[in-house]
Amino acid sequence: MASISLLNPKAEFARAAQALAINISAAKGLQDVMRTNLGPKGTMKMLVSGAGDIKITKDGNVLLHEMQIQHPTASMIARASTAQDDSTGDGTTSTVLLIGELLKQADIFLTEGLHPRIVTEGFEKARNKALAILDDVKIPIEINKKNLMGIANTSLRTKVHPGLADVLTEVCVDAILAIRKDEKPVDLHMVELMEMQHKTATDTSLIRGIVMDHGTRHPDMPKRLENAYVLTCNVSLEYEKSEVNSGFFYKTAEEREKFVRAEREFIDQRVQKIIALKRKLCDGTEKTFVVINQKGIDPMSLDALAKEGIMALRRAKRRNMERLALACGGTAMNSFDDLDESNLGYAGVVYEHVLGENKYTFVEECKNPQSVTILIKGPNKHTIVQIKDAIRDGLRAINNALLDKCVIPGAGAFEVRAYNELMKYKDTVKGKVRLGIQAFAEALLVVPKNLAINSGYDAQDTIVKLTEEDRLNPEPIGLDLSTGEPMKPVDMSVYDNYLVKKQILNSCSVIASNLLLVDEVMRAGMTSLKG
Amino acid sequence: MSTTREVIALQFGNYSNYIGTHWWNIQESSFSYNPEDAPSEINHDVLYREGVNLNKQVTYTPRLLLVDLDGSLKHLPREGELYGNSVKRATDDSAGDPLKKIKEDLEDLSTDVEIVQQPQADKHDFQKDLENPVVDIQEQNYNLADNVETWTDYLYARYHPRTVNIINEYKYDTEKQTFDTFSSGVQLWKTEQFEYDFCDKIRQYVEECDYMQGTQVLFDCFNGYTGLATECMEYLNDEYSKAIFAIPVYSPRNTLFENADEPMTDSIRVVNSALAFHKLSEQASLFVPLGTCDRVWRQLGAARPLSALNYKADNLYQTSAILAGYLDTITLRYRLRNAPSAYSLAGFCGDLTNYGRKLASAAFAMPFPMQHDMDLIDCLDKFEGPLFTSLTPNCNIGTDYIIQSLCVRGIARERLKQPLEKAKEQMRMAAYKCDSVSEMFQLYLQCANHASMSHVASVSMAIPTRIPFPNEIFTDEMTKLGFLSTTARRLAEEKVVSVPALAAVQSSSELGDTLETLHREAKRVKIAKLHRFRAAGLEEDDYRDALEQLLLFKDNYEDNFEL
């Protein structure tokens, strides 16, 4: 009898073998759900809620979030996988598969009486060795479009169908290259993602400028301007009725009127400053003027600006202020006190696009845009959401490669190589610990195995072929999913992130070890504690 | 150029959504689709926006964002039904399953698709009938009071896709509250879903407005929504600096928190309330707590008695309808067409919050107790006792030295007094000089409340009480039009179609007691023993500071002042 039941007779508990069985079955269950999604040939899942909401996805992390996981062990694994996504943006499905497989392999030895502690020691040794192997197979890369395309494509193909993945790859790589300055780390926030429910998914494109989800609010304002000065500012052009406005505080209606007029004049002066600058710079030339304000612009101010042919947008996103300054040049102004030409940005064309009740404003043909927009299109919401998730991961994958300055050959090549090396390494280790190493090595093969299964090939057949080929070749060997034959990933430009693999190896072995060492699972509420 | 002064509405929490649902229902049942009718006194554009969906149909939806937990929507798709983007599953095979069609579209792209579907959510009979043009819902009896499971069951209004925001981190459960502490609400606000997406939705609404007056925030004041809503108000102040009218609400049903017994649940509620009130005193322009219980700090008190109403004390559907009636009436002041500018939200809040008295109390009379054959002048003359019932928990109606804003609705000009030739007795009353409902109330209040200041707005339209408003709460002494009758009894099958009402917001020294009792209860709680607050990031010192600030805030109500 567990000691907890003396304290709380209602507590539920499971011990030793039983506890382990709970953990292993949960891990296996989760693995079964996710295994079909692995790799470019994995299936998509369409999730339909009770109310008819649709979500279509192939991304392990999205799936885990949508599944309502109750089981404590399963939610622990899911959390590891989410952490994987947070730090790297990829490898979530692999994490789940690997944890499940590690437990499965360990279970074989445990049922034969091996102590879990010994298995975990083996895991730790094997992990260290695997990390060393990872360092051996990594390929340093030059930062150029071709190399980045390879890595982005590998990641994106696991999230969306291949045709779309190719389009998105180009878009993502171009976006990153556009905003990258010298050797400085890239700020991914400078890539704006804008969605439009319109046309088809493959119309998704990169705009070398900024797209905003709002437009002008005055009927007479120009809808398209070329050769434009862009003023970005955070200055209210809106007459704020202040709180002392209420009836109790004025003796007469005239007094109130007077106050209102004074307030109004204050705003008008600001508008006049913009108009004066516009007249000075644009009158008599081909140039035009655009105002993009983070604060409000009321109809009277809009009217004054429209009369001058100025295009004005209000309530821009806070983050767009920074992006606009990077895309068009100029600085975001917080006051109009000393406003002059050097504060302004430039855009070749600014135009509005109306779609149903939504307006979009494109700021394009900027001189040297260091902030760009990916315009996501799709016929319906679920397609757009799917693309958005994929693009986020694609950008992360490219960014990871920039940070690592190296990549890992993909298509299961690393796993096969690590398996072979670990099996050799195993023989050099004395004692039962080597069984743990063996389990770890076997578990790694879960990735190439499932890649093969998902593409319709025989798992054992493939593994035998791959391991044999790998032993004969100095270069790593991966699986060609379209033929089922071994190939060199480098030739096909199939790359994985170094960071992602490293993270997977680390987190999976830790979680799996923790789960193996659990010898008691209990659940006891504390409903009766006084507050 | 239109000069509508827009208001944005926010609803945080399940009970708030119960109230909100009733409120939007009430508003929509007061829409007139007859072009020949005179334009309504209420300017619906203040709270509604016009839009176009992808099929080029015009929509008219509330300028609203609401937040609830995963699982509380039942049949309602998150994006709403007006703009598509959800599937209606086929009931028979003949039409072809729309799911299959989507699947086929995807398979053209050479990927396998596996469909994982939850069983279709049950629709309440009321919702089924709404889709069926043959059935007149006013003729049906749905027994909503007993079988409503969540607010979507009796939702008549239709929402914009932006409106519904679901928290996936916590699951909705009718038996226990999972989203428990102020601090976890604060943490939730810092997630991407709120900090970016939710704020961006607010920005999109604001961008559409020409003359935005401010926001009104309705939120559950007993659980984690306190943190979420007050953080949101802080954001609104930073970004837009407009008036914020906050309405913290208390549910009459004491649903236990997860892993907590009743005393613990009470403690959590008290701590959440104290933290929320402290934050509100900084962030809101005016806040008016609402609830149908007379006490909510330690134990939930008894239901407030409202004359001629008969409601179940802990029924969410019925109590929320009463609170919605109150809200619809009190907000009239800033929703009127052609209103003078002092009738704005900022003016409304400004009037009531002198000396930093940002907390005010609610008082309501529905129906306004007036005999069906009586004139207002006689009714007020014969009136005894307080005009209305308090709807703010732990607070009584103030009588002297008060500032108040009233809204009267449903009393027509003709019911004011008799014309000169028939006036008789009425001639002798001072009030006979008054020519409008608001004037007469002003006069009455001047006499009834010593040294007080009152603002009265009046609207001739009563609160419409068509289904899905709970008709069963009206006793049979009410006539069809909501007036009282001592002689005739209304027949059971006859429904009350509208009720006159009187709503008020009061700022009185009674509120000092409200704050003091809250402070006393909150101080007694040993915060160190409530681990969940610490786990969600609340430091003991911060709590102590908040309580001290609360006490300072209470001092604003201390001295009786002269006007």
Side-chain angles (χ1 to χ4, degrees), chain A residues 36 41-54 56 58 65-66 68 160-164 197 213-214 217 238-249 256 260 295-296 298-300 302-303 313-319 355-357 380-382 525-531, chain B residues 1 51-54 56 73-79 84-89 99 102-103 106 109-121 168 171 200 203-204 206-207 210-212 241 243 259-261 263-264 267-268 285 341-342 344 346-347 349-351 453 455 525-526 529-530:
Chain A
T36 53
K41 297 271 172 147
T43 53
M44 300 241 187
K45 281 196 166 47
M46 174 155 83
L47 309 172
V48 186
S49 80
D53 295 310
I54 311 167
I56 295 182
K58 218 170 136 180
H65 273 279
E66 293 296 320
Q68 298 178 1
V160 289
H161 64 82
L164 181 57
Q197 195 171 337
D213 59 357
H214 50 118
R217 290 280 171 195
E238 182 180 49
Y239 162 49
E240 311 261 357
K241 301 203 172 171
S242 49
E243 299 221 358
V244 256
N245 183 27
S246 73
F248 292 141
F249 290 86
R256 226 192 117 253
V260 168
K295 288 266 173 13
D298 64 12
M300 274 174 91
L302 282 177
D303 200 48
L313 276 78
R314 66 188 179 201
R315 302 284 178 200
K317 241 186 249 184
R318 188 188 287 191
R319 195 164 265 162
L355 197 69
E357 64 177 34
N380 41 38
K381 192 79 186 176
H382 56 256
M526 15 180 270
T527 44
S528 50
L529 291 181
K530 289 266 184 264
Chain B
M1 210 189 297
V52 186
N53 71 5
L54 293 164
K56 307 238 185 302
L73 292 179
K74 277 180 71 187
H75 71 276
L76 184 75
R78 295 181 180 193
E79 296 262 324
N85 279 334
S86 62
V87 283
K88 284 217 172 62
R89 269 174 270 187
L99 281 182
I102 298 177
K103 187 176 166 174
L106 284 167
L109 304 164
S110 74
T111 35
D112 289 332
V113 181
E114 188 182 331
I115 299 181
V116 185
Q117 54 178 321
Q118 290 174 345
Q120 190 160 10
N168 288 318
K171 296 274 172 270
D200 206 45
R203 184 189 63 81
Q204 285 176 324
V206 177
E207 199 270 332
D210 277 339
Y211 302 98
M212 177 182 155
S241 52
N259 293 333
D261 56 2
M264 175 107 116
S267 297
I268 295 171
S285 309
S341 65
S344 68
C349 297
D351 281 359
M453 202 152 59
H455 179 287
V525 176
K526 291 198 182 67
K529 284 201 177 166
L530 291 173

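In the text below, chain A, chain B and the rest are named by the order of the sequence lines, each starting its count at 1. Note that the coordinates shown come from a computational prediction; the quantities given were computed from them, not determined experimentally.
For chain B, the nearby part of A/R217 is the side chain; its heavy atoms alone come within less than 4.5 Å. Residue contact with chain A, scored on non-hydrogen atoms closer than 4.5 Å, is absent for B/K56. Of the two parts of B/L76, only the backbone, made up of N, CA, C and O, holds a non-hydrogen atom closer than 4.5 Å to a non-hydrogen atom of chain A.
Under the salt bridge (Lys or Arg N to Asp or Glu O under 4.0 Å) criterion, A/E238 pairs with A/R315, B/K242, not counting sequence neighbours. When the salt bridge (Lys or Arg N to Asp or Glu O under 4.0 Å) test is applied to A/R318, the partners found at least two apart in sequence or on another chain are B/E239.
Per-residue counts of heavy-atom pairs under 4.5 Å with chain A were compared for B/R203, B/H75, B/K171; the largest is that of B/R203.
The side-chain heavy atoms of B/D200 and A/R319, taken from C-beta on, include no pair separated by under 4.5 Å.
Among all heavy-atom pairs drawn from A/G356 and B/V52, the shortest one is C-CB, 4.4 Å.
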